[in-house]
Amino acid sequence: MATPILQVRDLRTQFAMPDGIIKAVDGVSFDLYPGESLGIVGESGSGKSVTALSLLRLVPHPGRIVSGEVLFRNQDLLQMTDQEIREIRGRDIAMIFQDPQSSLNPVLRTGFQVDEAMRAHGKSKADAHARTIELLTKVRIPAAESRVKDYPHQLSGGMRQRAMIAMGLANAPAILLADEPTTALDVTVQAQILELLADLNRELGTAIVMITHNMGVVAGLCSRVMVMYAGQIVEEGPVEQIFESPQHPYTWSLLKSIPRVDALRHERLRSIQGMAPDLADPPAGCRFHPRCPFRIEECFTKEPKLLDVAPNQRAACWVTMDRARREMGADTLIDIHPGAGSGVRPGEEI
Amino acid sequence: MRYHVRSVAAFAAGVMLLAACGNTSSGTSDTPVSGGTLNIAMKDDFKTLDPAVAYDTDSWSVERAIYNGLLDYQGFTTQLGPDIAAAMPTISSDGKTYTFTLRHGVKFSNGREVTADDFKYSFERMLNPKTQGPMTGGPFWGSVSGTADFYSGKATGISGIKVIDPYTLEIDLDSPNQSFLNVLAMPFGFVIPKEAVTAAGTDYAHHPVGTGPFTLATWTPGQLLVLKKNPSYFGTPAYLNEVDFQIGVDAQVGFLRMQQGQADLVQPDINMPSAQYIQLSTDPTFKSRIVKAPNVDIWYLGMNVNVKPFDNKLVRQAFNMVVNKANQIKVLNGRGVINNGIQAPPMPGFVPNYNPLGLDAKGQSLDKAKALLTQAGYGPSHPFPAQDLVYAKVNADSDNLASAIQQDFQSVGITINLKGLSFPAFLDVTGKPNTTALSYDGWIQDFPDPSDFIDPILTCTAANVTANGGNVAFYCNKQLDTLDDQARGDTNSADRLKLYQQIQDIVAGQDFPWVPMYSTLETSVSATRVHGYQLHPVWPLVLTSIWVTGGK
Amino acid sequence: MASTPAIATLSSRPSNARPLVRVENVVKHFPAGRGQSVKAVDGVSFEIRQGETLGLVGESGCGKSTLARLVTQLIPVTSGKIFIGDVELTKLRGEKLRQQRRQLQVIFQDPFASLDPRMTVGDIIAEPLDNFKVMRGKARDQRIQELLRLVGLNPNFDNRYPHEFSGGQRQRIGIARALALNPSLVVCDEAISALDVSIQAQIVNLLEDLQRELKLTYLFIAHDLSVVRHISDRVMVMYLGKIVEVADSTQTYTNPKHPYTKALLSAIPVPDPKVQRGRRLVELTGEIPSPLHPPSGCRFHTRCPIARLPAPCAETEPPLEEKDRDHLAACHFSSDV
Amino acid sequence: MTRYIIRRLGWMVVVLFGVAVVTFIIAFLVPGDPARLYAGSNASPASVAIIHHQLGLDRPVYVQFVDYLWRVLHLDFGYSYRYSAPVLPAILQRFPATAELAVAGVFVEVIVGLPIGILAATRPGSIWDRITMVFTFVTLAAPPFWLGLIFLYVFGALIPIFPLGGYGNGAPQYLFLPALTLGLGGAGYYARLLRAVLLDILPKDYIRTANAKGVTPGTVMFRHALPNALTVLVTQLGMDLGYFLAGVVVIETVFAWPGIGKQAVDAIFNLDIPLVMGTVLFGALLIVGANVAVDIAYTFIDPRVRY
């Protein structure tokens, strides 16, 4: 692949809360290549949204980026002045959000809000307006000329998200950060939006960072995927490879716990026992170890590094799935209980 | 407690005593100069300038400058003299017929000369129930022949008011009344021209026309009332060209304005609240500008003789020995004198150091009070029932005065609960029989004659009402009424005053419907450019003696 | 995928079991001002069989949550009848209705919002027992412990407060409360939608285990079709206040008889890139019409890829009829789907 | 919209009727005889009784009330007992002064309160936030009477740059101090309100969206955040305006401002029932009117609101 357009190095974002410092993003590093579609998956609280917000320095109060680099075209976004980062936002790197209902300003006309994305970056009013209609048409909003005058509440959920996407694409950004853009939508609308994003990715060459908790969304849209757990990346690699042969027990468990609509037989779901750790006081060693079926002694104390486990695939784990299968008969497990495979320290309660 | 309330008629009499000491006047020996404008800061707007209706000191302050009656007080005294009348009236030997000769050439400000018809018109209008004036229905004027028929509508005019010729007016009374000349001098007796009333329609109150030293130039309700000198005034012209009443100015702000030279007088007709009095008495500029004069008033606790436990005379007598009157005056910052009787100090017939119960210097005799209460059957086995003291909350002093009373009674083991009411509510509950047992009351004279201290507030007639009574003790003693009737008609002033002293003995030394406490001193202050400002014993404000130097 | 032993195959329960709940032509209209009304549920008939799990799917606004509240009589019907066993619920009022409702319990979506933060978990779980004065004292405490154990929580946690629990644990508390009175029907109204993926699976498994142990009947409502398909014996699909298809779960998914069902299924992403990229989306044009003014004829005709217009689709409402054995659909052209 | 306004006007009549009933009842429950005050407290019982009759106060209460309503329907609010003048002209004569003060007071509230609220909300927890909160606390807690006197003392007497009260026919130098006094207390409240509302709005998703577009902080505040705060502010403004219009008694008293509030208080002290009722009805009309105006304003501020 070409040179990365975005390089994130050791990003750490923390929230100072009354009961401690929440390490929401804790040492995240990754590269994004031009035109690719990268999925970031994880459950709520895994730090995937905060990662995306950190890239554009949009972390809400009381969050703070405490260290790291975000190199965009070799410039560190974290070191820029407020003015400089504002110029990047929406022009080079755009972001769209989960809930189009709440993410559009209810008192401003939809067209105006799309216009504004361009006018904030120097386009004239007339030009911006013409391009807005073009964009709305492109994201398949029917009768765009009249829709620009509508307020967000006059649009359906799907149309609102299309308008958001139009806003994101307004300045033909190099990168589009999409934070759970379909979660609030019905499945039929979700499918349309995902198709739209895939088309835009193909046609415009915009690199898309798709943040989602839905494995199916990643499977359909992304070429590469990063799995986050407790503020860290635990596994990363090409989509096919990760789904085919996940090496981190968390990724593996996650895939096993999702019912599939195309299942031919009723299989009992394999749930991951326990719950996500408290990020104010994360577990020592591997953060997944309290819930991991294959943990060994090292997992309790030593933090695993994100290392190559296969070509292009990296995982942060002392016991990758290959080893778990070999040594612990992973695939014969009926339920995924902590330490079930290794027999190390079994039997905790939920 | 009618004190400090705008709608109350407040009068001061007998001011000569203090005038002689020279501290009722802020004037200097400089020669008066004409011209200039006097600025007066007033808290409230004027109610009305219709003399038939107005019964409050603010309105009277202005009316006195606009109108004249037959008689007026001479200078700053309580001595009556002729005003529009050319001389004092001739009174028939039976004391019932008064004949007035009018001056020639007295003109209303509209240019027309005043005649006897104008007085007949003015009096009849003033007494006509349709005018809705307070003199309708009997007070003061009830002794004029034919008023009863006039009130009831049987007669279209008052037969006792007769125009003999344009300059001669005769007034007939049903019975002799030694206070009637004072009544004639009240603002209700001011003369107004019929055509002005007709022209003003229903709003004569705002379009007054009179004969006085000033005329009304403008009156913007809530803002400003301007008087201009009347060039055709028949008497000695005023020095001032103009008087501006700045309306709606709170007293605090009024004094600020005075310090800034924007106001010359503040609320000239009422006592200032204690807080301001203290403030001004320490101000280097203004402490020497403070003038004081005794008010003709009496403050007392009224005990309803028809209500337990005050139906027992022993209890009432005991109560008369408990109140620390000196302390009441202390609360008023010394602006008052102890009074154990029912007449005010400067009044004719006043008995100095009157003390029928042998009270101490504070007005107390606690041991005797306790003995009387025991005699009345109260003691440890039968404690005196707690009493409500009803009083009007009119300013910051009201509560303090009442609390002091509460403490006084605590010392003889009597519990007093304070019941402060708004002024209207206070008037309402104290004016109804069998409603209020104990109240903190005051009476401020209508005119400087002892009869005004008896008739409306201590007679059987005044007690025999169902509402709005002035006799808050609902006290009725036939013997007192007989003496009072006798005094009213007695043409010998020395005998007459003796009769009033007898009445005082009955009330304060025998029957005890009241606990008399004190009479107050009026206090006022003027700016340094004001000269000739004096407190009048009757009038709330006399403008004709004032001249100003410097300023506008 | 690696193979694991199947715990229970689909349609393992008899399809001709006695119906526990019978819903006959139920209508629910909500007034919407100016004399209009939202036809949230507009003439729906179905039955829930003893011991089965009936899945109910549809997009937001299709009326599925309203239907859930109607079945449990949390809101009254506008017209139609609902029977539980032989008792006509819609006829009952007051105390009689309250007693019948013991059999019908609901597990709600938001486990946090539905638990009173000032009550201990024990009191929350025992609330239905207290309401119906079923048991008190020691028996009550034992029942609380039993229920906590049943849903996989430490029985000694009964004195704790909801905020001390995670989302998944709270949902277990919600389930324990629903089970307190031994209900015959449990309505799961988006009961797992707010949970994280890894926790969802715990709860789904728990619900399945409980059903087996306690012979429960479920009406399982969710917008996640994968989960519905996983847990349900039969699936019912709603569109704009109407049922468009009811069938055995496998039938519905493998052989849909209604174009809407087919479109819905095609839209669900499969978490397998190889499979997902080979799937074809049946795209639906336009938006869901307003339930204030539903389209004439077949309500789906405005978005239907196979509709024949105007007749019959825009003119005649297709009845919900058996297209195959035990497979009902409301479509004029179900054979073309 | 038209239907809505008609409906609201209908309600207005109902509200005003209710207000009339309640005021009338209260006026009759308050102890004291208006005739006594009208005649003067030294007036004799007989003359009070005659005036009582003349004023029609001896008729049954319901007769008086029906008579009152009937006259009000004909815009005849009766005669003031105290001023012997018709009530409605008396109110209308004084209303312009009150209106002027009310508008100026609201203006001060806005131009002082909003910037402070914005400052506090954009830097929560900062020293600025604390300073502004102290300011708002002080202005909120300071009794207007006291504040007015302080202003008069400082700017009228100590540094005599403003007149010591008075109306001056509405000249700006007369208006300044009363408007400031009136507005400052409100400004503190507005600052708090706006801070609270903005602290609620600023974390909203659409603000994040605006920031993600790269618009300037000023645009985010003034175009995205403030318009969303407007409904709350306008509600309060409307209430304030109505309240101010209905008469700001204390301020008018301190500053010798010839408005309807001062008049109303005098009327209450003097049991001037026709004037009290007239003022209350007039004030209620203004408050209800302000509320209707606010509701109509919503449709311009928030496109989601439709009637």
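Note that the structure is a prediction, hence the values are computed from the model and not measured. First the proteins, then the strands, lettered A, B, ... as listed; each starts at 1.
Within residues 87-94 of chain D, the residues having any heavy atom less than 4.5 Å from a heavy atom of chain B are, in residue-number order, D:Gln93, D:Arg94.
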What verdict does the salt bridge (Lys or Arg N to Asp or Glu O under 4.0 Å) test give for D:Asp266 and B:Lys43, after you've listed the backbone C-alpha separation in whole Å, the side-chain angles of each residue and the deciding distance to 0.1 Å?
CA-CA 10 Å; D:Asp266 291 346; B:Lys43 186 169 181 296; 5.4 Å; no
Let me see the working for D:Phe255 and B:Asp250 under side chain to side chain contact (heavy atoms under 4.5 Å, CB included), right down to the final yes or no.
CA-CA 8 Å; D:Phe255 289 96; B:Asp250 186 76; over 6 Å; no
Applying side chain to side chain contact (heavy atoms under 4.5 Å, CB included) to B:Thr136 and D:Ile50, what does each step give before you reach the verdict?
CA-CA 7 Å; B:Thr136 187; D:Ile50 287 173; 3.8 Å; yes
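Within the 4.5 angstrom heavy-atom criterion, no atom of B:Tyr204 approaches chain D. With a 4.5 Å cut-off on non-hydrogen atoms, B:Val249 touches chain D through its backbone and its side chain both. The contact between D:Leu152 and chain B is made by backbone and side chain atoms together, counting heavy-atom distances below 4.5 Å. If you measure heavy-atom distances from D:Tyr153 to chain B, the contacts under 4.5 Å come from both the backbone and the side chain.
The backbone N or O of B:Pro129 sits less than 3.5 Å from a side-chain atom of D:Gln54, completing a donor-acceptor pair.
Among the candidates D:Ala97, D:Ala157, D:Ala46, D:Gly165, the residue making the largest number of heavy-atom pairs closer than 4.5 Å to chain B is D:Ala157. Between chain D and the options B:Val465, B:Leu421, B:Thr466, B:Leu256, heavy-atom pairs under 4.5 Å are most frequent for B:Leu256.
Side-chain atoms of D:Pro160 and B:Gln260, non-hydrogen and from C-beta on, do get closer than 4.5 Å to each other.
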